[in-house]
There are 2 protein chains.
Amino acid sequence: MATANIKEVARHAGVSLGTVSNVLNRPDTVAPATRQRVLDAITTLGYVRNDSARQLRAGHSRTVAIVVLDVANPFFTDVVRGAEQVIEASGAMLVVCNSGEDSARERRHLELLEEQRVRGVLITPVGHGPQPNLDKLIDRGIPVVLVDRGTGRANRCSVAVDDVLGGRLAMDHLLDQGHQRIAYLGGPVSIAQVADRHAGAAAALKERGGTAELRVAVTGSLTVAAGRRAAEELLALPARQRPTAVFCANDLLALGVLQELTARGLRVPADVAIVGYDDIEFADAAAVPLSSVRQPRDQLGRTAAELLLEEADSGDTHRHRHVVFQPELVVRRSSDQPRRTRR
Amino acid sequence: MATANIKEVARHAGVSLGTVSNVLNRPDTVAPATRQRVLDAITTLGYVRNDSARQLRAGHSRTVAIVVLDVANPFFTDVVRGAEQVIEASGAMLVVCNSGEDSARERRHLELLEEQRVRGVLITPVGHGPQPNLDKLIDRGIPVVLVDRGTGRANRCSVAVDDVLGGRLAMDHLLDQGHQRIAYLGGPVSIAQVADRHAGAAAALKERGGTAELRVAVTGSLTVAAGRRAAEELLALPARQRPTAVFCANDLLALGVLQELTARGLRVPADVAIVGYDDIEFADAAAVPLSSVRQPRDQLGRTAAELLLEEADSGDTHRHRHVVFQPELVVRRSSDQPRRTRR
DNA sequence: TATAGCGGCTAAAACGTTTCATCCATTCTC
DNA sequence: GAGAATGGATGAAACGTTTTAGCCGCTATA
């Protein structure tokens with residue numbers, strides 16, 4: 001009933017308190033007979049270690065946190081699963097926190113995590129400006145690894161996919177298909193990925209030097225619902241201004257756009273082509289299979305976790321690293337139809 | 001740099017240690033001038049509470065855990081978001097643990113959570129047999145709420161959706177459409193939802209008393225990939241035995257089946273009708289919009305969290321409750337085509 | 001004027017571990 | 001056979017809070 005503690009176990013086994021601790025942490029330093037007596041006491045009393053006390057003594061906990069922009073986004077759930085593998089294999093525990101693309105919630109989570117003296121934090125930050133909260137964690141000696149963000153900051157590791165390149169790939173593809181009026185859909189712009197993918201697309205357009213134009217439509221979030229709303233707005237444009245292709249900052253938006261367009265009777269890709277980003281599992285299963293820029297999602301998580309553990313273990317000798325993966329364009333039906341250039 | 005503690009704050013502010021604690025926990029009991037001095041000291045020293053010590057003293061933590069079968073399943077992510085709302089509003093923190101439908105991992109997580117003396121646990125257990133791990137938690141006084149599981153166990157609350165009814169709804173619908181050879185796809189059978197939905201389907205079939213038959217195909221997990229594999233197997237059957245409708249234990253399976261069937265040139269619903277379960281956001285965006293049994297996902301999470309907090313707060317006076325929601329069939333194109341009964 | 005009450009603060013105990021210096025009894029070394 | 005080394009166990013300190021009993025000086029009450 002009442003939770004037994006290490007002292008009761010010691011009394012029950014007729015040994016000292018320190019010996020019980022040794023059985024728990026350095027079993028080989030205690031004689032087999034004694035060890036067995038202690039283990040028996042533990043099971044009969046139903047003793048379970050008290051982690052708070054352990055942590056208090058150790059000065060830090062054995063949990064690692066990952067703070068994501070959206071738990072419901074399949075991109076992040078895959079990243080989480082990748083990180084989970086590595087963290088759990090090391091005997092630690094991964095806790096998932098959801099900032100919901102809201103910097104106030106992000107801050108609150110970081111404060112709580114700091115109070116908990118977590119072993120380290122994997123995070124995809126909401127903004128791309130200075131990050132006082134993160135700097136505070138780092139000052140306190142808590143390792144931080146940026147996920148899906150490749151800032152060259154010197155005081156932390158990062159794992160990212162080249163979003164500018166991803167934007168280029170998508171844009172080049174749409175230009176190759178002969179599109180002249182292209183929309184980029186994404187938001188909020190405070191999210192660095194949204195900005196970078198746009199930058200890549202804009203750069204590709206400029207380098208081509210053609211007559212094609214890129215219109216930007218800003219959304220409030222990166223969700224299916226936001227995609228539907230944005231599509232409605234695009235449809236409200238006069239036909240001559242309406243884009244013939246939409247490049248979306250992620251697949252959820254793209255799926256939303258696809259849903260809304262087909263619901264309104266437009267054909268994809270004949271009337272409007274769509275390219276998404278992330279290549280989540282559902283992209284391939286969509287009404288019209290979705291072209292998308294693929295990222296190595298679980299590897300992102302795994303690598304981030306490895307960097308974190310490395311830093312946490314090696315302490316001062318650690319050198320921060322910035323790993324960048326290359327994205328890859330997967331063309332499927334939603335954009336697979338060349339368009340005759342008019343005018 | 002080195003983390004300041006409450007003692008240094010006290011020294012810096014020229015007060016006793018207990019006063020600092022009062023400023024933190026009962027600000028109104030300390031004189032405004034003193035309070036301000038302490039607050040100043042806190043900010044200049046960058047003091048952050050040490051949660052381990054606080055927990056050690058309190059005897060339990062302020063975090064609540066939710067253990068789900070699959071973090072990447074949109075059904076669970078929605079449940080998590082619902083629970084999150086309630087838990088965070090109460091000032092606690094929700095940590096998400098992933099059992100991955102694996103009872104060994106589930107056990108490990110529960111052990112860790114017990115060591116952490118969490119405030120409570122929301123869980124969708126892997127098996128449906130006796131649950132020694134959970135009983136142990138409950139013995140220790142940690143409230144447990146079963147999510148999406150309606151066992152009438154007396155020692156815990158539960159929140160569930162009537163899965164037997166859900167199975168019935170799906171089956172009745174397919175029978176109404178005139179299907180004679182129907183497959184139920186789901187697994188592993190140790191998952192109670194899988195078993196209950198099947199039971200409902202079987203019961204509906206029996207009550208109808210017709211000549212229709214229900215074939216069960218067991219999958220290894222409830223994922224898109226498992227659905228694709230299962231579809232392959234169905235396709236390997238001789239045409240005369242091949243089912244004309246598939247009822248899947250969840251939408252991920254259903255999407256997998258849909259992908260594989262269309263990839264192999266079969267038409268849905270003309271050749272094979274499909275009904276899924278959960279009505280996740282992607283069901284509506286699928287290649288062929290998916291009929292599905294809808295559950296109030298975030299409400300499930302919210303209610304579970306509310307029951308948990310109620311139990312955690314009210315202690316002994318708490319009466320366990322079992323809330324059951326009703327599912328609802330949403331018919332979309334994947335099953336919306338009556339089939340002429342042959343023979 | 002004595003006393004009770006009160007606001008504001010302090011000092012010390014307690015929470016349950018882990019670790020470190022010690023100690024004891026044995027065995028080994030020469 | 002004396003001393004050193006070794007294996008095995010012990011006791012106490014320390015980690016940073018929260019809480020409780022109590023103290024002090026002041027005001028209100030009789």
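The analysis underlying the following values was restricted to heavy atoms, covering all of them including side chains, and did not include hydrogens, waters or symmetry mates. Convention: sequence-line order gives letters A, B, ...; per-chain numbering from 1.
No hydrogens or angles considered: nothing links the side chains of B:Asp40 and B:Thr44 as a donor-acceptor pair under 3.5 Å.
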Side-chain donor-acceptor pairs of residues 301-308 of chain B under 3.5 Å, sequence neighbours excluded:
from: B:Arg302; atom 1: NH1; to: B:Asp298; atom 2: OD2; distance (Å): 3.3
from: B:Thr303; atom 1: OG1; to: B:Gln299; atom 2: O; distance (Å): 2.8

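Here B:Lys136 pairs with B:Glu114 under the salt bridge (charged side-chain N to carboxylate O under 4.0 Å, His left out) rule; sequence neighbours left out. When the side chain to side chain donor-acceptor pair (under 3.5 Å) test is applied to A:Ser99, no partner is found at least two apart in sequence or on another chain. The side-chain contact (heavy atoms from CB on, under 4.5 Å) search around A:Thr29 returns A:Asn22, A:Arg26, not counting sequence neighbours.
Inter-residue side-chain proximity for A:Gln131 and A:Glu106 is flagged as unmet; no heavy-atom pair is nearer than 4.5 Å.
The residues B:Arg156 and B:Asp135 are annotated as salt-bridged, a charged nitrogen and a carboxylate oxygen being separated by less than 4.0 angstrom.
Taking the C1' atoms of five terminal pairs at each end of the helix from C:dT1-D:dA30 to C:dC30-D:dG1, the two resulting helix axes are inclined by 40°, rounded to 10°.
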Exercise for the section: Summarise protein proximity over nucleotides 9-19 of chain D in one line of letters, 5' to 3': B for base, S for sugar-phosphate only, - for none, counting protein heavy atoms closer than 4.0 Å. Expected result: SB--BBBBBBB
